[in-house]
Colleague: 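If you scroll down you'll find the structure; I have some questions about it.
Everything numeric in this text was worked out from a predicted model, so none of it was measured. Letters A, B, ... mirror the listed sequences (proteins, then strands); counts begin at 1.
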Amino acid sequence: MPNSTITHAKPTPAPGQTRYLHEQITSWFADNARELPWRAPQCSPWGIMVSEFMLQQTPVVRVLPVWEQWMQRWPTPAALAAEPSGEALRAWGRLGYPRRALRLHAAAATIVDRHGGQVPDTREELLQLPGVGTYTAAAIASFAFERPETVVDTNIRRVHARAATGNALPAPSLTSAEMKLAAALMPGRETKAWNAAVMELGALVCTARSPKCGSCPVQEQCAWVAAGQPEPHYVPKGQAWAGTDRQVRGAMMAVLREAETPVLREVLLGTVDVVDHGTGHAVHLTKLRSLGASDEQLARSLDGLLADGLAETAGSGVRLPN
DNA sequence: AATTCGTGGAC
DNA sequence: TGTCCAAGAAT
């Protein structure tokens with residue numbers, strides 16, 4: 001047999017084993033779940049949908065305050081859809097990936113136009129909304145409508161990779177084998193609690209770095225622990241940041257969010273000084289210049305923001321969409 | 001299928 | 001201090 005250490009056949013878990021996992025993890029969840037506002041019984045489907053958008057690639061602690069303000073200002077999809085997308089971008093603040101705010105705004109408009117202002121309750125309909133992919137559609141259907149959908153996020157993938165497959169980390173991208181395994185592990189009932197519980201276990205105990213195996217409810221059943229916690233069999237790709245267009249775009253968006261009037265192109269391109277409203281002194285946009293960005297990169301980044309609808313031209317300046 | 005797209009806390 | 005990485009989606 002060749003050195004095929006990669007697992008081909010993922011054994012279907014025995015019924016008795018999955019029952020044990022279900023009991024242990026859901027019991028742990030009942031005692032250890034964080035009290036998050038979007039988990040409150042009275043939280044609307046819209047509130048859950050907003051949380052799912054904000055939580056994409058963003059930690060809970062940073063989402064909490066923004067979500068609270070958002071829901072107070074826009075308690076329904078119709079309320080958000082009634083305002084310019086630029087308002088959504090401002091309220092998004094520094095959550096990151098501002099195109100999510102744009103997509104959430106567009107999704108709200110679609111909900112008003114095609115769903116009578118109510119968040120649709122099926123995975124298929126949710127998938128049609130901008131910014132809603134496989135994970136988010138399943139999550140909203142499960143958490144807001146208690147539909148028996150298989151939710152697979154980065155936390156759940158990691159728990160499954162370790163506990164069931166015996167790997168330190170899940171594959172670089174979601175595989176069909178992972179989806180199959182996740183579906184096989186789904187209980188026959190209480191699917192919402194199960195989805196939330198595995199996710200929470202991954203977020204609080206079975207973390208990417210220094211997992212707290214000592215307080216894990218299924219440590220005795222964990223294939224990764226049983227194998228002696230082997231190292232990952234691949235090196236995760238780092239996320240480049242310094243010097244990237246993303247960094248420049250982020251700096252430009254920060255300027256646009258703060259501006260009350262259109263910002264001159266020359267200012268965003270770092271070729272002129274701006275006057276600080278507080279001191280009255282000329283302040284160079286060091287945020288953009290100190291990045292070491294070339295003229296070409298600055299121009300490309302601004303064009304990207306305009307093309308993506310994150311900004312728009314207004315006279316000789318640029319502003320958030322109005 | 002591999003890239004692109006923000007931000008900031010933790011270690 | 002620099003690296004890692006977080007409830008992904010779209011192309």
Colleague: With sequence neighbours left out, write down each residue that passes salt bridge (Lys or Arg N to Asp or Glu O under 4.0 Å) with A:Asp308, or none if nothing qualifies.
Modeller: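 Residues passing salt bridge (Lys or Arg N to Asp or Glu O under 4.0 Å) with A:Asp308: A:Arg99, A:Arg249.
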Colleague: Hey, does A:Ala208 reach any base, or is it just sugar-phosphate, or nothing, if we go heavy atoms under 4.0 Å?
Modeller: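 Contact class for A:Ala208: sugar-phosphate only.
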Colleague: Who pairs with A:Trp224 by ring pair (Phe, Tyr, Trp, His ring centres under 6.0 Å), at least two apart in sequence or on another chain?
Modeller: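 Not a single residue meets the ring pair (Phe, Tyr, Trp, His ring centres under 6.0 Å) criterion with A:Trp224.
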Colleague: Please report, rounded to the nearest Å, how far the P atom of B:dG6 is from the CZ atom of A:Arg249.
Modeller: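 Going from A:Arg249 (CZ) to B:dG6 (P), I get 4 Å.
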Colleague: Go through DNA chain C in 5' to 3' direction and return only the first and the last nucleotide with some atom under 4.0 Å of chain A's heavy atoms.
Modeller: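 Endpoints of the contacted stretch of DNA chain C: C:dC4 to C:dA10.
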Colleague: Quick one: closest heavy-atom pair of A:Leu129 and A:Pro120, and the distance?
Modeller: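 Of all heavy-atom pairs spanning A:Leu129 and A:Pro120, the closest is CD1-CG, 4.1 Å.
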Colleague: On DNA chain C, check which nucleotide each of A:Val132 and A:Arg209 is closest to and give me the residue with the more 5' one.
Modeller: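 By nearest-heavy-atom nucleotide position, the 5'-most residue is A:Arg209.
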Colleague: Can you check nucleotides 2-4 of chain B for protein contacts, nitrogen or oxygen pairs under 3.5 Å, and list what you find?
Modeller:
residue	atom	partner	partner atom	Å
B:dT3	OP2	A:Lys237	NZ	3.2

Colleague: Enumerate the residues from residues 151-160 of chain A whose closest heavy atom to DNA chain C is under 4.0 Å, giving them by residue number; use none for an empty result.
Modeller: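 Output list: A:Asp153, A:Thr154, A:Asn155, A:Arg158.
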Colleague: With sequence neighbours left out, write down each residue that passes side chain to side chain contact (heavy atoms under 4.5 Å, CB included) with A:Arg147, or none if nothing qualifies.
Modeller: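 Testing A:Arg147 for side chain to side chain contact (heavy atoms under 4.5 Å, CB included), a comparison that skips the adjacent residues, returns A:Asp121, A:Thr122, A:Ala141, A:Phe145, A:Glu149.
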Colleague: Calculate the interatomic distance between A:Leu310 atom CG and B:dT7 atom C1'; express it in whole Å.
Modeller: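 Answer to the nearest Å: 15 Å.
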Colleague: Using a 4.0 Å heavy-atom cut-off, does A:Arg103 contact any base of the nucleic acid, only the sugar-phosphate backbone, or nothing at all?
Modeller: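 Since only primed, P, OP1 and OP2 atoms lie under 4.0 Å of A:Arg103, the category is sugar-phosphate.
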Colleague: Please give me every residue in residues 190-200 of chain A whose heavy atoms get under 4.0 Å of an atom in DNA chain B, ordered by residue number.
Modeller: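 Correct list: empty, so none.
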Colleague: Could you check whether A:Arg257 gets within reach of a base, just the sugar-phosphate, or nothing at all, counting any heavy atom under 4.0 Å?
Modeller: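 Since only primed, P, OP1 and OP2 atoms lie under 4.0 Å of A:Arg257, the category is sugar-phosphate.
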Colleague: Need one value for A:Gly96: base, sugar-phosphate or nothing, where a base atom within 4.0 Å counts as base even if backbone is also close, heavy atoms only.
Modeller: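 Here A:Gly96 touches the bases of the nucleic acid.
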Colleague: Going through the distances and angles, do A:Asn167 and A:Arg162 end up as a side-chain contact (heavy atoms from CB on, under 4.5 Å)?
Modeller: CA-CA 5 Å; A:Asn167 293 331; A:Arg162 287 174 181 162; over 6 Å; no
Colleague: Taking all heavy atoms of A:Pro321 and all of A:Ser85, pick out the closest pair and write down the distance.
Modeller: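 So the two residues come closest at CB-OG, 3.2 Å.
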Colleague: Quickly work out the A:Arg100 CZ to B:dG6 C1' distance and round it to whole Å.
Modeller: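 About 8 Å, once rounded to whole Å.
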Colleague: Can you list everything that forms a ring pair (Phe, Tyr, Trp, His ring centres under 6.0 Å) with A:Trp92? Sequence neighbours excluded, please.
Modeller: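 Partners of A:Trp92 under the ring pair (Phe, Tyr, Trp, His ring centres under 6.0 Å) test: A:Trp70.
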Colleague: Show the nearest heavy-atom pair for residues A:Tyr20 and A:Val218, with the distance to one decimal.
Modeller: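 Reported closest heavy-atom pair: CE2-CG1, 4.4 Å.
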Colleague: Is atom CZ of A:Arg34 surrounded by more than 12 heavy atoms (other residues, nucleotides or ligands) closer than 6.0 Å?
Modeller: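 Enclosed: over 12 neighbouring heavy atoms sit under 6.0 Å from CZ of A:Arg34.
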Colleague: Please list, by residue number, the residues of residues 47-68 of chain A whose heavy atoms come closer than 4.0 Å to an atom of DNA chain B; answer none if no residue qualifies.
Modeller: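 Hits under 4.0 Å, by residue number: A:Gln57, A:Thr58, A:Arg62.
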Colleague: Got a sec, which residues hit side-chain hydrogen bond (donor to acceptor under 3.5 Å, both in side chains) with A:Arg73, two or more places apart in sequence or on another chain?
Modeller: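 A:Glu83, A:Glu87.
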Colleague: Using a 4.0 Å heavy-atom cut-off across all strands, classify A:Leu36 as base, sugar-phosphate, or nothing.
Modeller: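 If one applies the 4.0 Å heavy-atom cut-off, A:Leu36 turns out to touch a base.
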Colleague: Can you sort out the partners of A:Trp28 under ring pair (Phe, Tyr, Trp, His ring centres under 6.0 Å), two or more places apart, ordered by chain and number?
Modeller: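 For A:Trp28 there are no ring pair (Phe, Tyr, Trp, His ring centres under 6.0 Å) partners, ignoring immediate neighbours.
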Colleague: Under the 4.5 Å side-chain heavy-atom rule for ILVMFWY, direct or indirect, which residues accompany A:Leu169?
Modeller: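 Its cluster partners, ordered by chain and number, are A:Tyr234.
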Colleague: Under 4.0 Å, heavy atoms only, any strand: does A:Trp38 hit a base, just the sugar-phosphate, or nothing?
Modeller: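 Base, at least one base atom sits under 4.0 Å.
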Colleague: Given atom CG of A:Leu95 and atom C1' of B:dG9, what is their separation to the nearest angstrom?
Modeller: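 Roughly 14 Å, once rounded to whole Å.
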Colleague: Is there a side chain to side chain donor-acceptor pair (under 3.5 Å) between A:Arg103 and A:Tyr97? Walk through the geometry before answering.
Modeller: CA-CA 11 Å; A:Arg103 290 169 181 162; A:Tyr97 291 149; over 6 Å; no
Colleague: Does atom CD of A:Gln72 have more than 12 heavy-atom neighbours from other groups under 6.0 Å away?
Modeller: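 Open: at most 12 neighbouring heavy atoms sit under 6.0 Å from CD of A:Gln72.
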Colleague: Assign A:Gln239 to base, sugar-phosphate, or nothing according to its heavy-atom contacts below 4.0 angstrom with the strands shown.
Modeller: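 Base: the residue A:Gln239, judged by heavy atoms under 4.0 Å, touches a nucleobase.
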